[in-house]
Every structure is written in C-alpha cells, then in structure tokens.
Amino acid sequence: MFYELKQSDIFDFANTFQTQKKQKGDELFFERCPYCNGGNHDKNTFSINLVNGTFKCFRASCDKQGHFVELARDFQFPLDFGEIKEYRQLPQKPIITRPKAIEYLKSRGISEQIAKKYGITTRTDNDNILVFPFHDENNIRQFIKYRHIKYNGNGNKEWCEKDTKPILFGMAQCENFDTLVITEGQIDSLTVAECGIPNAVSVPTGANGFTWYRHVREWIDKFQEVIVFGDCEKGKITLVEELQNRLTQKVKVVQMQDYLGEKDANAILQKYGKQAVIKAVQNAKIPVIKNIKELAEVKAIDINLLPKIKTNIKEIDRL
Ligand SMILES: [Zn+2]
C-alpha cells in the first residue's frame, strides 16, 4: 500500500471545504483552518504545500501539522493507496548480445564492450527489435524494454514487457555510491557509460512515469549526489523538477549551455565526441534560480504569518 502525492488530490480535498483558498507559490492557503477554524477570527493561518504535501496551521493554540495523507484521514477524504501489485518474475538465463544490437549501438557511438556489459540484444523473433534488460542491484532481471530500430511511425517505437517491475536501467552495473547520473533514455545512459563515467542509469518509462521511484528509493538514497542529465526540450531539461521533489541528497543538473544545442547525451556524443559529454557531467550544478525563488517565497510567508509580539514601539509593530 502506497500513496503517491498528487496535486489534484489536494485541490479536490480543498474543494470539499467552503472556505476561500488561494495559492501563493507552492502553498495553498485556506482562509479558515479546517481544524480550528481560525478561532473564528484568524484568517489564512493554514496552508498545504502542493509539492511535498506538508500542512500546518500557524495559530499557536492550534499548531496542527503533518502530511496531507494524515489530513485526508482526519477529514475522511478518500485517497487511492493503490493495490499491492504482483509483478511478473522474468527468466534469468544469460543474455547473448546479438550482432544486430552491436551494429545498431555502434551507429549511435556505443561500443561492443558497453553493449555486452549492459546485456543489450535483439529479439529472436525480430532482429529489428532492440532489447534492454533492467537488472536490479542484486543483478536480478526485473524489467525489459523494447525499441524498434526501424520504426516507421506505425505502432510503438518503445514499449515494455507487461506486468514487470519498473526500476532504473543500469543499476546492476553501478560501481559505488558516490555520484549517480540519471538520464531519460537508455541510449543516453549507455552514452554516459561509454564515456567512462560510472553509475549511469536511465528511467524506464520516459520523463513522466515515476512508478519506478518507490521500487528503488532505498537504493537511490545511498548515493552522495545525483546528476540529472535529462533531455533538453523546449528550453527545459526533463526529469529535473520531479527528481528534485523526490530525492533527498544533493541534486545537480547538467547546464543548458553544455548541451551545445543538442537534445540529449547521445546527440552530444555523436556530434561533439566523448569529451563534450564528460564536460557536461563535470559542469553539472545545483540549480540556483529555483533555490532563490523558494527562499523568497518562504520568507514572504514567514513575515505575514508569524505571530506578532507586541513591543510597545509603534513602528516595529507595523513590520
Ligand atoms: Zn488551526
């Protein structure tokens, strides 16, 4: 049983209360606290954080705080905890890397050695379908992704083995718990590995799927830091926000200018070579702008909501 926070749930919950709501940054303020009703006179003392789900009433006599899941429980608001899903066990026989897989990866700048290390192959029934096996930290095959290398716009370009447990690609090949590099596509994490950078992994189901996170949370928590090397699309780097919201350690992001106008790690490799990929990883930084914005928002909230202490000096009381 597991609940994954959805902003839509918070808004749905808020809508069950008649009190006025307004959003300020990531906080959703209620004019009246659902627990103490602001003692019938204090307004906007209660808020829920839309990103991490924490809530708090700033009235000292109320002081209710906790997580949205507890709030929902206290007011009998139903949440979807999902069912315990039984994932399929996959056969664990050794993988033979077939020539067509090696040939295809070579065309993307990835060597036979890396192809074999990660067990990339093609399907026996169709050698135009590339097979990416996902092995967990104990080297157990949990998930398989397929990619049609002669994709012509019909049907699926990428899909995965039904009812298998989504985890990160490249977990078994990680070498230590120093720096983890996360990309969106498998070809991109293979690219990072090809450049000699250890601990390169990629997400199983694209930029928007995060079911995998709960399956690898404990493993990922062991890393000192994480570098996000998502796809650069429409002036944004994918995965960044979602990972910042979930991960507990330092999260660095590859700098936009180090994509050199390309969309992902493999495109950088193919056009500018290994050194450009290595440099992009080395130059990754903790995003500054987002942190400053968050600080500013926190301060604004504090000043408005901290209980005021009378000083008997008029000017200060107006602050
Ligand atoms: Zn309250």
Side-chain angles (χ1 to χ4, degrees), residues 1-84 208 210-211 213-214 217-218 220-221 239-251 286-319:
M1 300 251 288
F2 186 96
Y3 172 71
E4 202 158 354
L5 184 68
K6 293 182 214 62
Q7 290 197 352
S8 55
D9 284 345
I10 299 179
F11 286 112
D12 288 346
F13 171 82
N15 283 337
T16 63
F17 291 87
Q18 286 199 336
T19 186
Q20 230 186 344
K21 274 81 60 177
K22 64 179 178 225
Q23 191 177 341
K24 207 169 170 188
D26 290 332
E27 297 285 327
L28 184 67
F29 281 86
F30 286 40
E31 192 176 64
R32 297 288 190 187
C33 167
Y35 290 100
C36 67
N37 200 37
N40 294 325
H41 50 84
D42 288 333
K43 288 181 177 176
N44 301 318
T45 60
F46 180 87
S47 71
I48 310 173
N49 187 292
L50 292 163
V51 175
N52 62 25
T54 55
F55 73 86
K56 182 169 172 59
C57 176
F58 286 87
R59 285 187 80 229
S61 59
C62 173
D63 200 35
K64 283 272 195 250
Q65 52 186 296
H67 192 273
F68 174 63
V69 174
E70 298 167 288
L71 183 64
R73 175 202 59 201
D74 290 352
F75 292 92
Q76 287 89 44
F77 183 81
L79 293 178
D80 176 16
F81 288 90
E83 12 175 334
I84 303 165
N208 299 315
F210 281 91
T211 313
Y213 178 66
R214 76 177 86 148
R217 186 202 301 237
E218 280 177 32
I220 221 171
D221 273 350
L239 299 173
V240 173
E241 253 175 68
E242 293 84 354
L243 289 174
Q244 278 178 324
N245 291 338
R246 286 175 172 83
L247 300 178
T248 51
Q249 63 274 77
K250 191 159 62 174
V251 177
I286 298 170
V288 175
I289 293 162
K290 186 165 193 286
N291 291 347
I292 287 174
K293 186 178 147 236
E294 277 178 354
L295 250 181
E297 278 164 7
V298 168
K299 273 198 178 137
I301 290 162
D302 282 355
I303 290 166
N304 287 329
L305 296 176
L306 281 175
K308 290 193 174 66
I309 299 160
K310 292 266 184 254
T311 61
N312 291 328
I313 305 168
K314 269 187 178 168
E315 283 72 18
I316 290 176
D317 280 343
R318 287 206 191 98
L319 287 178

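Counting convention: from 1, in listed order, for ligands and their atoms alike.
For the Zn ion (ligand 1), the neighbouring protein N/O/S atoms at less than 2.8 Å, given as residue and atom, are C33 SG, C36 SG, C57 SG, C62 SG.
Remark: the N44 side chain and the E31 side chain contain no N/O donor-acceptor pair separated by less than 3.5 Å.
Note: Y35 and F75 meet the aromatic proximity criterion, with ring centroids under 6.0 Å apart.
Relative orientation of the F77 and F13 rings is perpendicular, given thresholds of 30° and 60° on the angle between their planes.
Checking side-chain atoms of K21 against main-chain N and O of T19 turns up a donor-acceptor pair under 3.5 Å. When atom types are taken as modelled, the side chain of Q23 and the backbone of G25 share a donor-acceptor pair closer than 3.5 angstrom.
Using a 4.5 Å cut-off on side-chain heavy atoms (C-beta onward), E27 and L50 make no contact.
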